[in-house]
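To keep things clear, I will list the structure first and then write my remarks on it.
Values below: every heavy atom of this structure, side chains too, minus hydrogens, waters and symmetry copies. We're numbering straight along the sequence, starting at 1.
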Amino acid sequence: MDSITQAALGASIAGALAGKTLGRPVLLIGALLATLPDLDVLIDYGTAVANFTQHRGFSHSLFVLAALSLLLAVILWRWKPELGFPRWLSLTALVLITHPLLDTFTTYGTQLFWPLGRPFAISSIFIIDPLYTLPLLAGCTAFLLRPPALRAITAGLLLSTAYLGWSLVAQQMITERVQPALAKAGFAGGELLVQPMPFNTILWRATAITDQKRVEIVTGFLDDNAPLTLEYFPRQPELANAVSHLPETSRLEWFTRGFLDYQTISGEITATDVRLGIPGAHPFSFVLAHERDGTLTPANGELAPRPAMNTGALPLLWARTTGAIPVLCLASLKTPTPGEEC
């Protein structure tokens, strides 16, 4: 999740556990502790692919954070012994460990058990969702105005947690809605990713892939019984095979679970993570190799130029979310005319 949300969650947990004893400063302590795992963005691992796939790695590992919480609890206990070591340990452990657990609900991928296993991504909430964050901020605000405001800060935690639970229910409902259409279109055996569109859990995006093609479906809870619109995108397995021997390719395939789009652009073979963003505006695309006269030269996995931001995207997404427009073609970000397909 975004840094403001993580800080608000950490501050809320700290306030609920130690607000009566430490007062307002405990919110700052919780917020600072909650930001520690994301400091890994300051580390340069050498290539853009490495930086992309190592983020939410060791710093989000439950093994690492369990040990760090013990160390920090000892330091904080010596600084403020009136709270007691058991409560300091509970505070540091809960604040640090809830950070990667919350990140796991997003699509990016969190390596909870680094250095073992693959990243976890439940994909039930967008990385920024005001309905999750606002209850936490409201509880913290009440605490700052009239400490310790335990009822308000606890209510914020309960509401945000309930919203997280709703996101799982909503995801399952959307999955059941799109599966028959995908099966009819020949995607029954393909990989499927169902995730919310930006900033809400009302409008959802389903992405299914096979070796030859990808299909996108956008549907929401305000669509009534409108038929689903399937938007198709060809894949190029020959390009994937051409660069499959490269370590950057293997790393990206592992991290994204195969949700990659390979393209040749001006003699450069690129791989784009199609999980993040929307078609036409995917933020993570990497140059894997240069092709000249049939010869491939490995690249350093640098970031490819990002597409320009469509200034009309947000109004269209909002209109689609509220049901004001029944269909939105993702690739072109336009509404099709009657009889026209995306």
Side-chain angles (χ1 to χ4, degrees), residues 1-42 55-106 110-114 120 122 125 127-129 131-165:
M1 296 291 284
D2 65 283
S3 297
I4 293 176
T5 300
Q6 292 287 8
L9 176 59
S12 298
I13 292 172
L17 288 176
K20 279 189 174 181
T21 305
L22 299 180
R24 292 186 181 95
V26 78
L27 295 188
L28 179 60
I29 294 171
L32 291 175
L33 287 174
T35 62
L36 289 180
D38 280 342
L39 293 181
D40 65 335
V41 298
L42 302 177
H55 178 47
R56 296 192 186 177
F58 79 92
S59 69
H60 287 59
S61 169
L62 297 183
F63 303 132
V64 173
L65 293 178
L68 181 61
S69 64
L70 180 60
L71 174 62
L72 291 174
V74 171
I75 296 172
L76 291 169
W77 172 51
R78 291 185 176 180
W79 175 51
K80 293 284 186 179
E82 63 267 30
L83 188 61
F85 179 74
R87 290 178 69 189
W88 270 124
L89 182 58
S90 297
L91 189 154
T92 56
L94 281 173
V95 170
L96 289 175
I97 289 175
T98 53
H99 180 121
L101 291 179
L102 178 58
D103 279 345
T104 301
F105 282 83
T106 67
T110 306
Q111 299 173 56
L112 283 181
F113 299 106
W114 178 96
F120 288 84
I122 297 172
I125 194 168
I127 193 171
I128 301 173
D129 192 320
L131 288 183
Y132 179 85
T133 308
L134 288 176
L136 298 173
L137 291 176
C140 290
T141 301
F143 188 105
L144 289 172
L145 293 175
R146 286 192 173 184
L150 292 183
R151 288 187 179 180
I153 210 162
T154 301
L157 284 166
L158 291 175
L159 285 172
S160 63
T161 302
Y163 183 72
L164 208 56

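- A donor-acceptor pair is defined here as one N or O able to donate and one able to accept, closer than 3.5 Å; no such pair exists between the side chain of Arg56 and the backbone of Gln111.
- Put simply, the side chain of Trp114 never gets that close to the backbone of Val64: no donor and acceptor are under 3.5 Å apart.
- Here CG of Leu33 is found 6.5 Å from CG of Leu91. Values are rounded to the nearest 0.5 Å.
- Take Phe120 and apply the ring-ring contact (aromatic ring centres under 6.0 Å, His included) test, not counting sequence neighbours, and it matches Phe113.
- Side-chain atoms of Leu89 and Val74, non-hydrogen and from C-beta on, never get closer than 4.5 Å to each other.
- In terms of the side chain to side chain donor-acceptor pair (under 3.5 Å) criterion, residue partners of Ser59 (sequence neighbours excluded) are, by chain and number, Asp40.
- At least one donor-acceptor pair closer than 3.5 Å links the side chain of Thr106 to the backbone N or O of Asp103.
- Atom CG of Leu102 is separated from atom CD1 of Ile97 by 14.0 Å, given to the nearest 0.5 angstrom.
- To the nearest 0.5 Å, atom CG of residue Asp129 and atom OH of residue Tyr163 are 3.5 Å apart.
- To the nearest 0.5 angstrom, Leu70 atom CG is 7.5 Å from Thr92 atom OG1.
- Between the side chain of Gln6 and the main chain of Thr35, no donor-acceptor pair closer than 3.5 Å is present.
- Atoms CZ and CH2, on Phe85 and Trp77 in that order, are 7.0 Å from each other to the nearest 0.5 Å.
- Using a 4.5 Å heavy-atom threshold, the side chains of Ile153 and Leu27 count as touching.
- Panel note: side chain Arg87, backbone Leu17; a donor-acceptor pair is recorded below 3.5 Å.
- Scanning for side chain to side chain donor-acceptor pair (under 3.5 Å) contacts around Ser160 gives an empty result, with sequence neighbours left out.
- Here the side chains of Leu159 and Tyr132 are not in contact, with every heavy-atom distance at 4.5 Å or above.
- A donor-acceptor pair is defined here as one N or O able to donate and one able to accept, closer than 3.5 Å; no such pair exists between the side chain of His60 and the backbone of Pro100.
- Heavy atoms from other residues, nucleotides or ligands lying under 6.0 Å from CG of Leu144 number more than 12.
- Of the candidates Leu136, Leu96, Leu94, Leu94 is the only one forming a side-chain contact (heavy atoms from CB on, under 4.5 Å) with Ile13.
- Taking the side chain as every heavy atom from C-beta outward, Lys80 and Ile29 never approach each other to under 4.5 Å.
- Between the side chain of Thr110 and the backbone N or O of Leu112, no donor-acceptor pair lies under 3.5 Å.
- For the side-chain contact (heavy atoms from CB on, under 4.5 Å) test, residues two or more places apart in sequence or in another chain that qualify with Leu158 are Thr154.
- Legend: residues meeting side-chain contact (heavy atoms from CB on, under 4.5 Å) with Leu32, ordered by chain and number and at least two apart, are Leu28.
- Partners of Asp2 by side chain to side chain donor-acceptor pair (under 3.5 Å), not counting sequence neighbours, listed by chain and number: Thr5.
- The CG atom of Leu76 lies 9.0 Å from the CG atom of Leu83; values are rounded to the nearest 0.5 Å.
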